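Each chain gets a letter, A, B and so on, in the order its sequence line appears, and its residues count up from 1. The model shown is predicted, which means the values in this text are computed figures rather than measured ones. Hydrogens, waters and symmetry mates play no part in the numbers below; they use all other heavy atoms, side chains included.
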2 protein chains.
Amino acid sequence: MPRVGMMALRMDALVNATIEQIGRKGSLDVTVSQIAKAAGVSSALAHHYFGSKDELFLAAMRAILSEFGAEARRELARASTPQARLSAIVRASFGGQNFRPEVVAAWLNFYVLAQTQPQAARLLAVYQRRLVSNLTHALRPLAADPTTAARTAAALIDGLYIRHALASAGPPDAATAIATVERYLALAIGDRS
Amino acid sequence: MPRVGMMALRMDALVNATIEQIGRKGSLDVTVSQIAKAAGVSSALAHHYFGSKDELFLAAMRAILSEFGAEARRELARASTPQARLSAIVRASFGGQNFRPEVVAAWLNFYVLAQTQPQAARLLAVYQRRLVSNLTHALRPLAADPTTAARTAAALIDGLYIRHALASAGPPDAATAIATVERYLALAIGDRS
DNA sequence: CTTTTTGTTGATTGACCAGTCAATTAAAAA
DNA sequence: TTTTTAATTGACTGGTCAATCAACAAAAAG
């Protein structure tokens, strides 16, 4: 039943299935066949559209990263004060689609992938630079040393992420994670409330 | 040349080779043959002593964890004040054998392993509980909310770890990492220096 | 000196999997 | 209607790898 325009549909389904399978299994050790089956197509089709397993992984990474970027832009659009911008960045990190268990688990695995795949490393570096840059920008009018505070906050966010990847038992507690980062930011700003 | 007492020697060599290979490759995707060759023995011997690849991985994890514990005990023994205890814990996290690039890279991969291997998850949970407990204990006389500060510091340490796992270019900058955590702790304690 | 124990490996097996290819279907274009 | 083109797959291949096993070597025990 070859209807034209299937390509975008199939690629989307395959990318989502990739994230879901990596997340569910908690490992990059998923076969193309498993992913394809989860997407409802044959493994040959996955190779047809993506060329290789690595490309499929990279596409999944890009999907997560761009979803994160979109969420961040959405939240930042509502923020006018520097404090609100900080909150927006933090909420984007732990909110919406970005904090679903499979996504967090996949995220952790992409860190591993970045150790071998130069492309994956590049993507991750872009994300990290953007996060630190957003934080620095928002902190500039507030903190004595915006750069250091931003780097610390970024590391804290990453740390909370992987802690959540492990604590797979129980629901992903976004509220606590957000509160933890915001408490740190309040300290760094010198807020004595 | 079967001299008695080889067992302990070989097992040590295999465990070290496992850490080194996982670290070098940046992935759990290392073959038993590669590890065995790096240890100077046959793959059959690795299976003879450890039974399975998983057991070998777990032994490597235990080695890293117990090295970390030893370092922590060593540093804590020199500390008398609560402040010194905090410093000791932070230094143990980023000092000595624990911050070599291969070890950090292997560490990241053990996080991934813990998502599938219940044993690995257990080991990691023990380490995390001990870290938070040590930090809480040292923070009790210093901070208003020792538990929260300890959890935050632990997440920060983990975050800095994986950031270093990625920034494989350049030397592992322990000093900066230590300074970052101590700066946070100073804030959390309410130090206004 | 013989026997046992310990250490060690090459060869093999059984399973799995990424990637290829030729063939098939049906929609769309000519 | 005929032809082209997009979508799709089953079957296959070449390669890899964990785990097993039977056999061998040499030290230690008797």
Side-chain angles (χ1 to χ4, degrees), chain A residues 1-22 24-61 106 109-110 112-113 116-120, chain B residues 1-22 24-61 106 109-110 112-113 116-120:
Chain A
M1 48 310 241
R3 226 153 306 202
V4 276
M6 282 292 107
M7 188 171 86
L9 237 63
R10 298 306 190 201
M11 288 179 87
D12 261 28
L14 281 164
V15 162
N16 287 336
T18 303
I19 294 169
E20 189 217 312
Q21 291 294 311
I22 293 178
R24 195 175 297 285
K25 180 131 181 181
S27 148
L28 294 174
D29 233 316
V30 289
T31 69
V32 175
S33 296
Q34 284 165 359
I35 294 169
K37 177 180 267 186
V41 297
S42 74
S43 72
L45 197 68
H47 280 104
H48 176 63
Y49 281 134
F50 287 95
S52 73
K53 194 183 180 177
D54 271 10
E55 286 298 330
L56 183 52
F57 280 172
L58 287 172
M61 254 187 100
N109 278 280
F110 290 147
V112 169
L113 185 62
T116 19
Q117 264 282 338
Q119 292 266 68
Chain B
M1 48 309 242
R3 227 153 304 201
V4 274
M6 281 293 106
M7 187 171 87
L9 237 64
R10 297 305 190 201
M11 288 179 87
D12 261 28
L14 281 165
V15 162
N16 288 336
T18 302
I19 294 169
E20 189 218 311
Q21 293 293 312
I22 292 178
R24 194 176 298 285
K25 180 131 183 181
S27 146
L28 294 174
D29 233 315
V30 290
T31 69
V32 174
S33 297
Q34 284 165 358
I35 294 168
K37 178 181 263 185
V41 296
S42 74
S43 70
L45 197 68
H47 279 103
H48 176 63
Y49 282 134
F50 287 94
S52 76
K53 194 183 183 179
D54 270 11
E55 286 297 331
L56 183 52
F57 281 171
L58 287 173
M61 255 187 99
N109 279 280
F110 289 147
V112 170
L113 185 63
T116 19
Q117 265 282 338
Q119 292 265 70

side-chain contact (heavy atoms from CB on, under 4.5 Å) partners for A:A44, two or more places apart: A:S42
To the nearest angstrom, how far is B:L56 atom CG from D:dA19 atom C1'? 13 Å
Can you name the side chain to side chain donor-acceptor pair (under 3.5 Å) partners of B:Q21, sequence neighbours left out? none
Check the distance between D:dA18's P and B:L14's CG and give it to me in whole angstrom. 14 Å
Under 4.0 Å between a side-chain N/O of A:R10 and OP1 or OP2 of D:dA7, yes or no? no
B:T18 side, atom OG1; B:L56 side, atom CG - distance, nearest 0.5 Å: 3.5 Å
Can you figure out which of C:dG7, D:dA7, D:dA19 approaches the side chain of A:M7 most closely? D:dA7
May I have all residue pairs that pass side chain to side chain donor-acceptor pair (under 3.5 Å) and include part of residues 26-39 of chain B, sequence neighbours excluded? none
Residues of residues 24-38 of chain B with a heavy atom under 4.0 Å from any atom of DNA chain C, listed by number, are none
Gap between atoms CG and C1', on B:L9 and D:dA27 respectively (whole Å): 16 Å
Test side-chain contact (heavy atoms from CB on, under 4.5 Å) applied to A:A46 - qualifying residues, sequence neighbours left out: A:L14, A:V32
For A:A120, side-chain contact (heavy atoms from CB on, under 4.5 Å) partners two or more places apart: A:L58, A:M61, A:L113, A:A114, A:Q117
What parts of residues 41-50 of chain A reach DNA chain D, counting only heavy atoms under 4.0 Å away? A:V41, A:S42, A:A44, A:L45, A:H48, A:Y49
With sequence neighbours excluded, tell me which residues meet side-chain contact (heavy atoms from CB on, under 4.5 Å) with B:D12. none
Side chain to side chain donor-acceptor pair (under 3.5 Å) against A:E55, all qualifying residues, sequence neighbours excluded: none
What integer distance in Å separates A:F57:CZ from C:dG19:C1'? 14 Å
